[in-house]
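Worksheet for the structure shown next.
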Number of protein chains: 2
Amino acid sequence: MIMILKKNDAGHLAGLRSRGYRITSPRQAVLEVLEENEGRPLSTEEIHRLASTRHEGIGLATVYRTLELFCELQIAARAHLHRDSEHFEINSGSHHHHLVCVSCGEVEMLEECVIEEVEKAVRDRSDFLVTSHCMSLFGYCPSCIPGG
Amino acid sequence: MIMILKKNDAGHLAGLRSRGYRITSPRQAVLEVLEENEGRPLSTEEIHRLASTRHEGIGLATVYRTLELFCELQIAARAHLHRDSEHFEINSGSHHHHLVCVSCGEVEMLEECVIEEVEKAVRDRSDFLVTSHCMSLFGYCPSCIPGG
DNA sequence: GTTACTGCAAACCGTTTGCACTAGA
DNA sequence: TCTAGTGCAAACGGTTTGCAGTAAC
């Protein structure tokens, strides 16, 4: 099969190959879906549906396995939206968090992360070695503000 | 049945009754388990097991329904530990977050919450109405620090 | 040609639900 | 008495797993 790569995919696909993983059509499909939705976390079901238009018949299990792999390789990252199913987004390099509308589910990206300060404080007051964190804000988006 | 109440339970149980809910033996059992583990979030399975010693034969479904009710009434709160199952703790009145050991699962409570500052910043830069948030830190507890 | 990867279907498991029975007030 | 609450067992739904077939290289 001839592989036509999107510009941005090159780096991630090269990373796959250099670590001994095969570049397959399902993996490309999932990667492209994530790339095209940068900044917008997608549910596994959405990723499966969108990837199906690129690789017909892609199995849901493959989508799960691919996303797991992409997270391990830091190609993708889990978004902690506290919805029914897991959400993923491409790892754009910038560490960030999300603002989630509890009414319609719309997600806004928060540019900055202040948790580094919290981690610093914890380093002084606790014997824990902090390695990661998660944070999300919840509320109402402009069109869902009650009485707004 | 004669109800022997623990001192701290009085307020929460009164709150139940005043809102039209019945004070039952399973609800007391769950409440007491939460009270006795203040500051230590428990899984539904743990709560079920511990409550069973107080009300033999308590059903898991009842535990789930009771915890759901307690959260609605702000008697209890969900802890977002990102483990396999949900965790709950008594609402001690102080808003706080957790430090979770990714190795052994030990949980430490963080006294302060700095997210209010983040919410303030969001208020200036976004049209979202922020109503809540969740945050957890992950890492290694003293006995699990790699190479430590 | 090897074997990593895939699709399928079944299993898994935490949580929810329907229902007949029980017990709180 | 009346009905909210309960225990049980089945259903639910997102995720994982086993396996035989397929495709990457």
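No hydrogens, no waters, no symmetry mates; every other heavy atom, side chains included, goes into these values. All values reported here derive from a predicted model rather than from experimental measurement.
- Rounded to an integer number of Å, the gap from CD of Q28(B) to P of dA25(C) is 9 Å.
- Partners of E119(B) under the salt bridge (charged side-chain N to carboxylate O under 4.0 Å, His left out) rule, at least two apart in sequence or in another chain, do not exist in this structure.
- The side chain to side chain donor-acceptor pair (under 3.5 Å) test applied to H48(B) returns no partner, not counting sequence neighbours.
- Within the 4.0 Å cut-off from OP1 or OP2 of dG5(D), not a single side-chain nitrogen or oxygen of T24(B) is found.
- In this entry the distance linking CG of L67(B) with C1' of dT15(C) reads 12 Å, nearest Å.
- For H82(A) and F138(A), the gap between ring centers is short of 6.0 Å.
- Residue R65(B) has its side chain nearest to dC19(C) when only dC19(C), dC5(C), dT15(C) are considered.
- Contact annotation: S85(B) side-chain N/O to dC13(C) OP1/OP2 distance is not under 4.0 Å.
- If you check every strand for non-hydrogen atoms under 4.0 Å, E86(A) touches sugar and phosphate atoms only.
- If you measure from atom NE2 of H55(B) to atom P of dG5(D), you get 14 Å, rounded to the nearest angstrom.
- Spacing between atom CD of E56(A) and atom P of dG7(C) amounts to 12 Å, rounded to whole angstrom units.
- Listed pair T44(B) / dG14(C) fails the phosphate criterion, with no side-chain N or O lying under 4.0 Å from OP1 or OP2.
- Distance CZ (R83(A)) to P (dT15(D)): 13 Å, rounded to an integer number of Å.
- Between the CZ atom of R17(A) and the C1' atom of dC25(D) there is a distance of 9 Å, given to the nearest Å.
- Mapping A61(B) and A61(A) onto DNA chain C by nearest heavy atom places A61(A) at the nucleotide closer to the 5' end.
- Straight-line distance from the CD atom of E68(A) to the C1' atom of dG14(D): 14 Å, rounded to whole Å.
- Checking dT15(D), dA23(D), dG14(C) against every side-chain atom of R22(A), the shortest atom distance belongs to dA23(D).
- Rounded to whole Å, atom P of dG14(C) lies 7 Å from atom OH of Y64(B).
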Check the pair H96(B) / H98(B) against ring-ring contact (aromatic ring centres under 6.0 Å, His included), numbers first and verdict last. CA-CA 7 Å; H96(B) 62 266; H98(B) 299 99; 5.1 Å; yes
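- Ring to ring, H97(A) and H133(A) are close: their centroids are under 6.0 angstrom apart.
- Between Y21(B) and R78(B), the one whose closest nucleotide on DNA chain C sits nearer the 5' end is R78(B).
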